[in-house]
**Q** 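Pasting a structure here, questions to come.
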Amino acid sequence: MVRVRFAPSPTGFLHIGNARTALFNYLFARKNKGKFILRIEDTDKERSRKEYEEAIIEDLKWLGIEWDEGPDIGGEFGPYRQSERINIYKGFAEKLLKEGIVYKCFCTKEELEKMREIAQQKGLPPGYDGRCRDLTKEKINQYERQGRDYVLRLKVPEEKIEINDLIRGKVVFEGEYLTDFVIMKSDGTPTFNFAVVIDDYLMKITHVIRGEDHLSNTPKHILIFRAIGAELPQFAHMSMTLGPDRTRLSKRHGATSVRAYREEGYLPEAFFNYIALLGWGTTESREIFTKEELINEFSIERCHKASAVFDKEKLLWMNSYYIRNTSIDRIYQLSLPFLRSAGLINNSEKDEEYIKKAIFLEQEKIKTLKEVPYLIEFFLKEPEYERENFENFINEETKKTLADIVQIFEKIKDFKKEEIENKVRGYCKEKNIKTSLVFHPLRFAVSGRTKGPDLFGMIELLGREKVIERIKKLIK
RNA sequence: GCCCCCAUCGACUAGUGGUCUAGGUCACCACUCUUUCAAGGUGGUAGCGCCGGUUCGAGUCCGGCUGGGGGCGCCA
């Protein structure tokens with residue numbers, strides 16, 4: 001049975017890169033009829049916050065990623081919050097200490113700093129020189145009596161470690177570059193590297209799918225798996241997500257959290273779809289997939305090794321594509337929060353059908369839900385006339401035309417767009433005026449704008465009364 | 001500094017030794033449709049980082065170089 005996990009740290013909102021890791025784990029689990037587990041890695045007390053855990057859970061749900069076990073729903077292998085598992089790690093650490101696989105290190109920050117400098121001078125990566133490895137019992141007792149802090153370090157053997165990565169193939173790390181690393185901090189909490197392995201082991205994780213930034217940590221993990229006598233899971237290291245300048249996606253590239261895109265009015269399915277296409281593709285280079293199709297098509301072997309640049313433009317296109325191809329009911333529902341905060345929706349449900357019709361008229365133009373209030377605003381409120389265009393469309397000449405149009409509108413029996421269009425076109429012909437000389441001022445008079453939806457559909461929806469009122473007010 | 005990973009249009013990708021005068025999508029440009037803006041349709045610009053090797057034949061295999069990314073903490 002396939003078991004995978006997504007293990008974020010609640011130190012901020014769900015990041016795009018993490019969302020992609022979560023997504024790939026999710027797709028892999030569903031594709032293989034396995035389980036997807038959510039685990040919260042909150043051992044860093046300084047930076048972890050409960051609000052972020054809640055936010056991450058909310059954003060994952062928004063994206064449509066569901067888990068089978070997690071801190072909110074429990075499961076057979078809980079608890080799923082590392083802060084609640086401290087005693088488990090301690091137990092493993094004590095056992096390893098007894099077995100002599102792990103040892104107490106009393107070195108101070110200053111000593112460690114010096115060591116790193118020396119290692120660098122020798123052309124080695126900065127690391128620990130192992131000086132506390134063979135401390136005598138007496139020495140250890142003495143240090144402890146003095147109340148000195150200590151950490152637990154793993155005795156790292158000098159041998160090469162091979163990883164058989166599902167995405168990258170064979171990766172070899174030579175032994176001499178890895179030094180004894182910390183598994184338990186002096187405050188009695190585990191390091192990330194230790195907690196991950198213990199949890200993956202106890203939670204029976206079969207496939208560790210994570211970002212490439214963890215590839216270099218993997219030898220350490222393998223050593224810990226071996227130390228506790230556990231079987232290795234399969235590893236798959238996904239490529240990273242980069243900003244437009246090809247550096248790691250970060251704050252200075254603008255919005256990097258899923259939350260931000262959600263608030264900008266992106267559809268979850270569009271975001272889901274786009275993110276899946278980063279570092280992954282099918283042989284036919286298809287672009288649009290439903291969640292089910294993605295689950296069906298997904299394969300870890302097709303993951304790219306090279307990192308991918310997150311392209312906001314393409315996401316925006318995809319979002320508009322999804323908006324164009326989604327039912328008005330859903331667009332309406334999703335737009336509600338945006339309409340509310342724009343103060344356009346306080347007057348009750350009567351407006352629902354009217355607003356839906358307005359959205360329908362604008363649908364092909366909507367790129368994000370955030371634009372909806374602006375696009376339909378003039379249907380709900382008196383228009384604000386664009387100053388820079390005012391005189392182009394409302395002048396002595398057009399006022400006369402508009403006055404005629406009012407008369408025509410007053411006489412139309414069935415105030416529907418076909419009839420309205422026929423009559424207006426007929427008027428143009430009769431007076432021998434170019435249609436654009438009528439259409440543009442009319443559009444402007446009714447909406448206050450030079451751009452907008454289908455003119456006659458818009459007039460029909462606004463209704464005779466409102467249209468005539470708006471025109472009259474202008475030409476007075 | 002050391003270790004590891006990576007390399008096809010500006011971006012995302014297809015491509016697993018001949019069918020590649022390298023295909024698709026976004027962006028960009030032109031034309032078209034048209035009452036505006038969009039959307040749509042048609043066409044176009046643009047790429048295998050470089051140098052060697054293997055081979056009858058290399059985007060595809062091997063090596064080096066260059067470039068980019070990641071890691072090296074009592075952060076995760």
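We name chains A, B, ... by the order of the sequence lines, and we start the count at 1 in each one. Keep in mind that what you see is a predicted model, and the values were worked out from it rather than measured.
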**Q** For residues 163-179 of chain A, pull every pair meeting side chain to side chain donor-acceptor pair (under 3.5 Å), keeping only residues two or more places apart or in separate chains.
**A** Asp165(A)-His237(A)

**Q** Any side-chain heavy-atom pair from Phe378(A) and Met458(A) closer than 4.5 angstrom?
**A** yes

**Q** How would nucleotides 18-23 of chain B be written as a contact map, 5' to 3', with B for base contact, S for sugar-phosphate-only contact and - for no contact, using protein heavy atoms under 4.0 Å?
**A** -----B

**Q** Please list each protein N or O that sits under 3.5 Å from an N or O in nucleotides 10-12 of chain B, with the distance.
**A**
from	atom 1	to	atom 2	distance (Å)
C12(B)	OP1	Arg246(A)	NH2	3.1
C12(B)	OP1	Val309(A)	N	2.9
C12(B)	O2'	Leu277(A)	O	2.9
C12(B)	O2	Lys314(A)	NZ	3.4

**Q** Taking only residues two or more places apart in sequence or in another chain, which ones pass salt bridge (charged side-chain N to carboxylate O under 4.0 Å, His left out) with Glu384(A)?
**A** none

**Q** What N/O pairs connect the protein and nucleotides 60-66 of chain B at under 3.5 Å? Give each pair on its own line.
**A**
none

**Q** Among residues 156-167 of chain A, which residues get a heavy atom nearer than 4.0 Å to RNA chain B?
**A** none

**Q** Which residues pass the side chain to side chain contact (heavy atoms under 4.5 Å, CB included) test with Lys50(A), sequence neighbours left out?
**A** Glu53(A), Glu54(A), Arg81(A)

**Q** Please list, chain by chain and in numerical order, all residues satisfying side chain to side chain donor-acceptor pair (under 3.5 Å) with Trp67(A), sequence neighbours excluded.
**A** Asp72(A)

**Q** What pairs with Lys423(A) under salt bridge (charged side-chain N to carboxylate O under 4.0 Å, His left out), at least two apart in sequence or on another chain?
**A** Glu419(A)

**Q** Between N or O atoms, less than 3.5 Å apart, protein on one side and nucleotides 40-42 of chain B on the other: list the pairs.
**A**
from	atom 1	to	atom 2	distance (Å)
G40(B)	OP1	Arg324(A)	NH1	3.3

**Q** Under the salt bridge (charged side-chain N to carboxylate O under 4.0 Å, His left out) test, which residues partner Asp149(A), sequence neighbours left out?
**A** none

**Q** Lys367(A): which residues meet the side chain to side chain donor-acceptor pair (under 3.5 Å) condition with it, sequence neighbours left out?
**A** none

